[in-house]
Amino acid sequence: MARTDLIIEGLKTLFPHAHCELIHHNVYELLIAVTLSAQTTDARVNMVTKDLFARYPDVYALAKASLKDVEKIIASVGLYHNKAKNIIALSQKIVKDYDGKIPSTRKELMTLDGVGRKSANVVLSVGFGLPAMAVDTHVARVAKRLGLAKYDDDVLKIEAKLCKKLPKESWSIMHHRFIFFGRYLCKAKNPECEKCPFTAICKRAKYEDQRL
Ligand code: SF4
């Protein structure tokens, strides 16, 4: 079986129900949760968003929030000061420029404070059901170990390679399966290779001196 097919089938068997682990009930909540999740875990974000969304249920409410109040609620999340500023500013922009509706193009999403390409892709894919491949640290590491990308590839290159190699209709679910695989099995440190179905095609040994 070709490498890509083996990976698609193997991950489907391992993680049939992989999904976005950021708790959200609409695209607004997803956008805010994704923005808060930079350099921190989804579990940590989920600990603060319940209170945050109870107090600020939409962009109109968050646009009018005081920085201090938002900081207080999200204080346990890394980089909370900048993130508080960003989520208030992006809400203000959405109210002002998009009539309160979350934009649904990558270009527009990336004009929002704190929203980079990866976050925009998550919102497109999970929030709007559009084909997009978000490459975070798990996806990047796993793509390299599985030989779908090269060691030196940057995130843009990895995204382009994954989009080329994987069927478009699978991008969203494969993104979640890569993340589950990287989070729970092919971890950065001490991957559980004894449980892995991809040992025969794994490139990690090749990159061992570079600590991939
Ligand atoms: S064999 Fe180990 S390092 Fe390689 S893909 Fe599987 S879990 Fe990851």
Side-chain angles (χ1 to χ4, degrees), residues 1-24 30 33-47 77-79 106 116-127 129-212:
M1 201 189 276
R3 175 180 298 267
T4 309
D5 294 335
L6 193 88
I7 292 166
I8 290 172
E9 287 309 310
L11 289 180
K12 189 176 172 186
T13 306
L14 279 173
F15 302 109
H17 307 300
H19 58 276
C20 176
E21 292 194 296
L22 288 169
I23 297 171
H24 64 279
L30 175 67
V34 168
T35 308
L36 294 179
S37 73
Q39 292 176 54
T40 193
T41 63
D42 290 0
R44 170 71 56 191
V45 172
N46 290 338
M47 285 164 68
V77 169
L79 310 172
R106 185 186 293 120
R117 187 178 178 94
K118 185 213 77 179
S119 299
N121 280 343
V122 173
V123 174
L124 290 177
S125 160
V126 177
L130 298 169
M133 174 58 74
V135 177
D136 71 354
T137 174
H138 294 301
V139 177
R141 180 181 69 257
V142 159
K144 291 175 184 181
R145 285 179 178 175
L146 293 175
L148 295 172
K150 292 219 156 55
Y151 179 78
D152 292 331
D153 287 346
D154 60 20
V155 285
L156 267 185
K157 236 181 196 168
I158 297 170
E159 182 184 324
K161 285 185 177 177
L162 292 177
C163 287
K164 196 171 170 200
K165 290 175 183 180
L166 299 168
K168 200 169 187 175
E169 62 278 10
S170 77
W171 291 353
S172 178
I173 187 66
M174 285 301 286
H175 157 75
H176 295 307
R177 286 180 180 149
F178 284 137
I179 289 180
F180 269 52
F181 184 54
R183 198 174 272 165
Y184 301 114
L185 206 152
C186 188
K187 301 168 206 167
K189 285 182 196 158
N190 306 321
E192 298 178 30
C193 304
E194 67 284 357
K195 297 183 190 163
C196 179
F198 307 122
T199 46
I201 59 163
C202 179
K203 304 272 188 194
R204 182 166 177 256
K206 185 176 158 193
Y207 297 129
E208 205 159 28
D209 52 332
Q210 288 138 317
R211 300 184 184 195
L212 178 67

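Both ligands and their constituent atoms are indexed starting at 1 by order of listing. Note that this is a predicted model, so its numbers are computed, not measured.
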Closest approach of Lys157 to Asp153 (non-hydrogen atoms, all atoms of both residues): CD-OD1, 3.3 Å
Leu11 versus Met174, closest heavy-atom pair with distance: CD1-CE, 3.9 Å
Proximal protein heteroatoms (N, O or S) of atom 6 (Fe) of ligand 1, under 2.8 Å: Cys196 SG
Closest contact, heavy atoms only, Trp171 versus Leu166: NE1-O, 3.0 Å
Minimum heavy-atom distance Arg106-Asn121, with the two atoms named: NE-OD1, 2.8 Å
Close side-chain approach of Leu148 and Phe178, heavy atoms under 4.5 Å: yes
Minimum heavy-atom distance Tyr184-Glu192, with the two atoms named: O-OE2, 3.9 Å
